[in-house]
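Worth knowing before you read on, the calculation uses all heavy atoms, side chains too, and leaves out hydrogens, waters and symmetry mates. When a ligand or atom number is given, it counts from 1 through the structure's own listing order.
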Amino acid sequence: MVAITLENVSKYFGETVANYQVNLQVTDGEFLVILGPSGCGKTTALRLIAGLEQPSEGAIYFDDDRVDGRSPSARNIAMVFQNYALYPHMTVAENIGYPLKVRGFSPDERDEKVEDVTSLLHIEDQVEKKPGALSGGQRQRVALARAIVREPTVFLLDEPLSNLDAKLRQEMRSELKRLQNELEITTVYVTHNQEEAMSMSDRVAVMNQGTVQQVAPPQELYDRPRTAWVAQFIGSPPMNLFQGTRRNGSIDLGEAGTVDLSGVLEAKEAVVETSERDDVQSTALLASDTQGTVSLGIRPENLTLASTPPPSGNVIEGRVDTVEPMGEYILVNVSVNDQIVNAKVSDRTVSRGDRVYLTFDTNDAYVYDTNGDLVA
Ligand code: ATP
C-alpha cells in the first residue's frame, strides 16, 4: 500500500498548452474515484500516475518516493481498462499467470497465485476456457485477476465497467468494492458515471477542464458541493440554480419572487468560516460584502409544489412545463424566469401549463457567489 501525491502537476500536449493543473492526494489503501465529464482530464491523471505520461511540470510521489520520470514497470502499478485486452489464444489460467511468467515465477508459484486470485474473483471453474468462450462479465473478472495477481501496490482502473450491461455493471461494482476492501490496495478509478463514483468510492475527486474542483466522501460531495459547477454536476437531476441579486439577507429572483434567507445565511457563513476557511476563499469577502449577483441552489427533491400561494415562507413562482412519471417519483419541470427547474414530487397534482408555487426549507438552500464558490 502506498499514498499517491500529485503536486502541482501540469501537462501540455505538443503545442497545445491545455489548462491542466492537478493537485491530488490519495491516501494509503484508499478507493478514490476521479469523476468528471468527457475530456476533463481523468484518463490523463491516471496515465500520469501510471507513468504512461510524464508531467510537463510538478511532481508525483508514491509515499515519499518521487516517481515521475520513471517508467510504468518501475512503479509496481496495475491497470485495467475498458477494453480488457486478454490474449485470445491463451486459457484464462494462462492469461492470468502471464504477468508472473514474464517476471520469472516458477510454474508452481504461478499455479498457486492463479488459484488464489481466481477463487477471490469466483472464476475457478473458468480457468481452462479461452476468452472467446466467456461472457463480458467473466472477461472483466479475468482482466481484474490478471491485474492483481502480481500484488501491485497501486491499482488503476479506467472506466472498467462501461462495456457491461446495466445489471452486470451493478454486480461488478459491488464485486470490485469487495475486492478492494479485501486487498486494501490504493485504488484510483476513473469514470464519468456518478452512480459508480458514489457507490464505490471512499472519496470522489471531481474534475472539470483539467482541474480538481473538489475531493470529498460521496455524501459530503452531495451535501456540500463547494462550487456551483460541482452542485450542477452531482445529483440526478442535479441541483437547480436560480440566478438572483443578494440584498443582505434576501435574494431577489425578479418576477419569480424574493427569498428571505437571513439567519440561514449568517449561520451557514459562520460554519463555513470556521470549518472550511482554507477551502472557501471568498468567505471573508462575502461576510462583509452582502450585495451582488448570486446563485440560489435547491435540489429537486427539496422543492415542494403547490397550486395556490402558501400563506407564509419562501415562494418561487413558475409555470409547469412537463410532467414525467419516473415510477419511483414524478419529475416536474417548471419554467421560472425562462429557466427550467426540476422538482421531484410524489403525487401528480399538477399539469402542463399550471401556475405553481415552489416552496422549500431554507436549511436546504445553498448560495454561491459570482465566482461560483459556496457562500452558505
Ligand atoms: P473521456 O472521459 O472522454 O475519456 P477524460 O476526462 O479521460 O475524457 P483525457 O483523455 O484525460 O480526458 O483528455 C483530457 C484532454 O487532453 C482532452 O482535451 C484531450 O483531447 C487532451 N489529450 C489527452 N491526451 C492527449 C494527447 N496524447 N495528445 C493531445 N491531446 C491529448
Exercise for the section: With sequence neighbours left out, write down each residue that passes salt bridge (Lys or Arg N to Asp or Glu O under 4.0 Å) with Arg47, or none if nothing qualifies. Expected result: Glu53
Problem - Atoms of ligand 1 close to Thr44 [distance to a heavy atom under 4.0 angstrom, numbered from 1] - result: 9 (P), 11 (O), 13 (O), 14 (C), 23 (C)
Problem - Lys42 N/O to ligand 1 N/O under 3.5 Å - result: yes
Exercise for the section: Return yes when Gly36 approaches ligand 1 closer than 4.0 angstrom through a heavy atom, no otherwise. Expected result: no
Exercise for the section: Please could you name the atoms of ligand 1 that Thr43 approaches to less than 4.0 Å, counting only its heavy atoms? Expected result: 4 (O), 5 (P), 7 (O), 10 (O), 11 (O)
Problem - Contact (N/O only, under 3.5 Å) between Glu53 and ligand 1 - result: no
Problem - Contact partition for Pro37 relative to ligand 1, non-hydrogen atoms under 4.0 Å - result: backbone
Problem - Gly39 N/O to ligand 1 N/O under 3.5 Å - result: yes
Practice task
Kindly indicate whether the side chain of Asp321, heavy atoms from C-beta on, has any atom under 4.5 Å from the side chain of Val334.
Solution key: no
Completion exercise
Closest non-hydrogen contact found for Arg139 with Pro131 is NH1-O, 3.2 Å
Handout entry: Ser38-ligand 1 polar pair, N/O distance under 3.5 Å
Key = yes
Problem - Qualifying residues under side chain to side chain donor-acceptor pair (under 3.5 Å), relative to Lys344, sequence neighbours excluded - result: none
Practice task
Could you list the atoms of ligand 1 found under 4.0 angstrom from a heavy atom of Gly41?
Solution key: 5 (P), 6 (O), 9 (P), 11 (O), 12 (O), 14 (C)
Handout entry: Donor + acceptor pair across side chains of Glu196, Tyr189 (<3.5 Å)
Key = yes
Practice task
Please name the pair of heavy atoms, one in Thr227 and one in Gln213, separated by the smallest distance, quoted to 0.1 Å.
Solution key: OG1-OE1, 3.0 Å
Handout entry: Whether over 12 other heavy atoms sit under 6.0 Å from Gln138 CD
Key = yes
